[in-house]
Amino acid sequence: KFTRGPGTLLGGSSTINITDSAFLSTGSFTAETSTVRWISNEAAQDISSVTYYNVEFGGSSVKTTYTFTTINNNFLMSGTASTTASANLSVGGNFTIGDGNVYNTAAFSLAVAGTTTIGTGTGGSLDINVSTTSVSFGNLIVNAGGTITNDANLSYTISGNLTNNGNYNSGTGTITFSGTAKSISG
């Protein structure tokens with residue numbers, strides 16, 4: 001078990017692998033340009049509520065996020081990890097939902113400045129299922145086998161391009177493309 005005590009843990013440019021849950025009662029974490037990998041294959045993991053630079057949810061366990069809200073750079077889901085949001089999430093870079101992964105927005109917003117990629121050939125799912133959330137993407141790519149489901153019929157914004165080679169269940173919500181010279185393909 002990872003325990004953060006009094007003081008500050010500096011991430012530097014390191015990769016931090018965590019295979020258990022974190023017990024966080026005091027202290028702070030400064031991400032710098034680090035990558036934190038939550039990679040349990042056994043028990044569910046409780047994810048620390050801190051700001052990350054790069055973060056990966058890997059392995060095969062369910063990830064519980066609590067008030068996990070900011071990723072300054074990239075968010076990668078790998079293995080068969082899944083999570084249901086428990087707070088609004090802002091991703092400053094790219095968000096990749098790999099084959100076998102599920103990200104569920106629940107009642108919370110999702111804002112991705114970079115490219116959101118769903119699936120890498122055989123699976124991956126983004127579920128938007130509560131109409132009170134707001135969702136925005138830079139570029140949105142749904143690869144073969146990937147699925148985006150908008151059961152909430154939410155209207156959302158794409159500021160980049162849309163590529164759909166998978167299953168795009170947009171519901172009845174409106175998709176707004178902001179900016180100029182956008183492409184829709186797939």
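Every heavy atom of this structure was used, including side-chain atoms; hydrogens, water molecules and symmetry mates were not. Note that this is a predicted model, so its numbers are computed, not measured. The first residue of the sequence shown is numbered 1, and numbering continues consecutively from there.
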Just by distance, no angles: are the side chains of Ser125 and Asp127 close enough, under 3.5 Å, to form a donor-acceptor pair?
yes
So Asn88 and Thr69, side chain to side chain contact (heavy atoms under 4.5 Å, CB included) or not? Walk me through it.
CA-CA 6 Å; Asn88 298 333; Thr69 60; 5.5 Å; no
Quick one: closest heavy-atom pair of Arg37 and Asn17, and the distance?
NH1-OD1, 2.9 Å
Stepwise side chain to side chain contact (heavy atoms under 4.5 Å, CB included) test for Ser48 and Trp38
CA-CA 10 Å; Ser48 298; Trp38 295 91; 3.5 Å; yes
Taking Thr83 for its side chain and Lys63 for its backbone only, find out whether a donor-acceptor pair lies under 3.5 Å.
yes
Can you list the steps and then say if Thr8 with Ser28 is a side-chain hydrogen bond (donor to acceptor under 3.5 Å, both in side chains)?
CA-CA 5 Å; Thr8 299; Ser28 63; 3.0 Å; yes
Is Ser60 reaching over with its side chain to a backbone N or O of Asn41, donor-acceptor style, under 3.5 angstrom?
yes
Closest heavy-atom pair, Tyr53 versus Ala31, reported as atoms and distance to 0.1 Å, is N-CB, 3.5 Å
Test item: Ser159 side-chain N/O and Phe137 main-chain N/O as donor-acceptor pair under 3.5 Å:
yes
Leu110 and Ile128: same hydrophobic cluster, using ILVMFWY side-chain contacts below 4.5 Å?
yes
Taking C-beta and beyond as the side chain, do Asn143 and Thr117 meet within less than 4.5 Å on heavy atoms?
yes
How long is the straight-line distance from CZ of Phe57 back to CZ of Phe75, given to the nearest 0.5 Å?
4.0 Å
In terms of heavy-atom contacts, Ile16 and Ser14 come closest through CG1-OG, 3.9 Å
Do Val36 and Leu9 belong together in a cluster built from hydrophobic side chains that touch within less than 4.5 Å?
yes
Residues that Asn94 engages under side-chain hydrogen bond (donor to acceptor under 3.5 Å, both in side chains), provided they are two or more places apart:
none
Any luck finding a side-chain donor-acceptor pair between Ser90 and Thr70 under 3.5 Å?
no
Closest non-hydrogen atom pair, Asn153 against Thr172:
OD1-N, 2.8 Å
Counting distance only, does the side-chain N/O of Asn54 pair as donor-acceptor with the main-chain N or O of Asn74 below 3.5 Å?
yes
So Lys182 and Ile158, side chain to side chain contact (heavy atoms under 4.5 Å, CB included) or not? Walk me through it.
CA-CA 9 Å; Lys182 304 303 172 198; Ile158 298 174; over 6 Å; no
Are Tyr156 and Val142 connected, step by step, through hydrophobic side chains (Ile, Leu, Val, Met, Phe, Trp, Tyr) whose heavy atoms are closer than 4.5 Å?
yes
Side-chain donor-acceptor contact under 3.5 Å, Thr33 with Ser13
no
Spacing of Phe108 atom CZ and Thr84 atom OG1 [to the nearest 0.5 Å]
10.5 Å
Which label fits Phe95 and Tyr103: parallel for a plane angle under 30°, tilted from 30 to 60°, or perpendicular past 60°?
perpendicular
Should Leu154 and Phe177 be counted in the same cluster of Ile, Leu, Val, Met, Phe, Trp and Tyr side chains packed under 4.5 Å apart?
yes
Heavy atoms only: give me the nearest Ile148-Ile118 pair and the separation to one decimal.
CB-CD1, 3.9 Å
Exam field: side chain Asn169 to backbone Thr147, donor-acceptor pair closer than 3.5 Å:
no
Transitive ILVMFWY side-chain link Leu162 to Ile97, under 4.5 Å
yes
Enter the distance from Thr96:OG1 to Glu56:CD here, rounded to the nearest 0.5 Å.
10.0 Å
Mark yes or no for whether Asn72, through its side chain, and Gly92, through its backbone, hold a donor-acceptor pair below 3.5 Å.
no
Any chance you could measure Leu126, atom CG, to Leu140, atom CG, to the nearest 0.5 Å?
8.0 Å
Is there a donor-acceptor contact under 3.5 Å from the side chain of Asn101 to the main chain of Ser78?
yes
Is the backbone N or O of Val102 less than 3.5 Å from a side-chain atom of Ser82, with the two atoms forming a donor-acceptor pair by type?
no
Polar side-chain atom of Asn150 near backbone of Gly171 as donor-acceptor pair, under 3.5 Å:
no
Any sub-3.5 Å donor-acceptor pair from Asn139's side-chain atoms to Asn161's backbone N or O?
yes
Kindly give the heavy-atom pair with the smallest separation between Ser34 and Gly11, and that separation in Å.
CB-O, 3.5 Å
